[in-house]
Enquirer: 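Before I ask anything, here is the structure I am working with.
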Amino acid sequence: MNKHFASMLATAAVAFTFSAHAADTADGISRAEAKDLKTQSEAQYKARKKVAEAKEDLNKADCKTALDGSAKRACEKTAKNMAKTDKSAAKTVHEAEEKSIKDSKK
């Protein structure tokens, strides 16, 4: 659960930071700047998803080496659910960033 809480806290921090940055640009941003920000946001989203998948693989490997039977299956299911939560958080951050970019255009 601590990993889940930490990932959600990190997600909120990133969203807040991006929102604060968008608020700092009172005049709005140009079309080119918006395109650049969207490209960065997309790349960060893909990277977050890949990190979540890598963590899932590592957690499942730990389960396979340390546990047997139903405990192993439960551990693997937990690893899968954590990855799903991390991916969902990454998508939420990405959508918030895109909305912020769209709202701050001139």
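The residues of the chain are indexed from 1 along the displayed sequence.
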Enquirer: Which pair of heavy atoms, one from Ala83 and one from Ala52, lies closest together, and at what distance?
Expert: CB-O, 3.8 Å
Enquirer: Mark yes or no for whether Thr78, through its side chain, and Ala74, through its backbone, hold a donor-acceptor pair below 3.5 Å.
Expert: yes
Enquirer: CG/Leu37 to CD/Glu42 distance, rounded to the nearest 0.5 angstrom?
Expert: 13.5 Å
Enquirer: To the nearest 0.5 Å, what is the distance between NZ on Lys38 and NE2 on His94?
Expert: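 Atom-to-atom, Lys38:NZ and His94:NE2 are 8.0 Å apart.
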Enquirer: Can you tell me how far the NZ atom of Lys87 sits from the OH atom of Tyr45, to the nearest 0.5 Å?
Expert: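 So the NZ of Lys87 and the OH of Tyr45 are separated by 9.0 Å.
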Enquirer: Check whether any side-chain heavy atom of Glu76 sits under 4.5 Å from a side-chain heavy atom of Lys64, and report yes or no.
Expert: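 Yes, their side chains come closer than 4.5 Å.
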Enquirer: Does Thr92 use its side chain to pair, donor to acceptor, with the backbone of Ser88 at less than 3.5 Å?
Expert: yes
Enquirer: What's the shortest heavy-atom distance between Ala71 and Leu67, and which atoms?
Expert: O-CD1, 3.6 Å
Enquirer: If I take atom CG from residue Asn81 and atom CG from residue Asn59, how far apart are they, to the nearest 0.5 angstrom?
Expert: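 These two atoms lie 11.5 Å from each other.
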Enquirer: With rounding to the nearest 0.5 Å, note down the distance linking CG in Asp62 to CG in Asp57.
Expert: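 Answer for the CG-CG pair, Asp62 versus Asp57, is 11.0 Å.
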Enquirer: Taking the basic N atoms (NZ, or NE/NH1/NH2) and the acidic carboxylate oxygens, is any pair closer than 4.0 Å for Lys84 and Glu56?
Expert: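 Answer for the salt bridge query: no.
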Enquirer: Supply the atom-to-atom distance Cys63 SG to Leu58 CG, rounded to the nearest 0.5 angstrom.
Expert: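 Going from the SG atom of Cys63 to the CG atom of Leu58 covers 11.0 Å.
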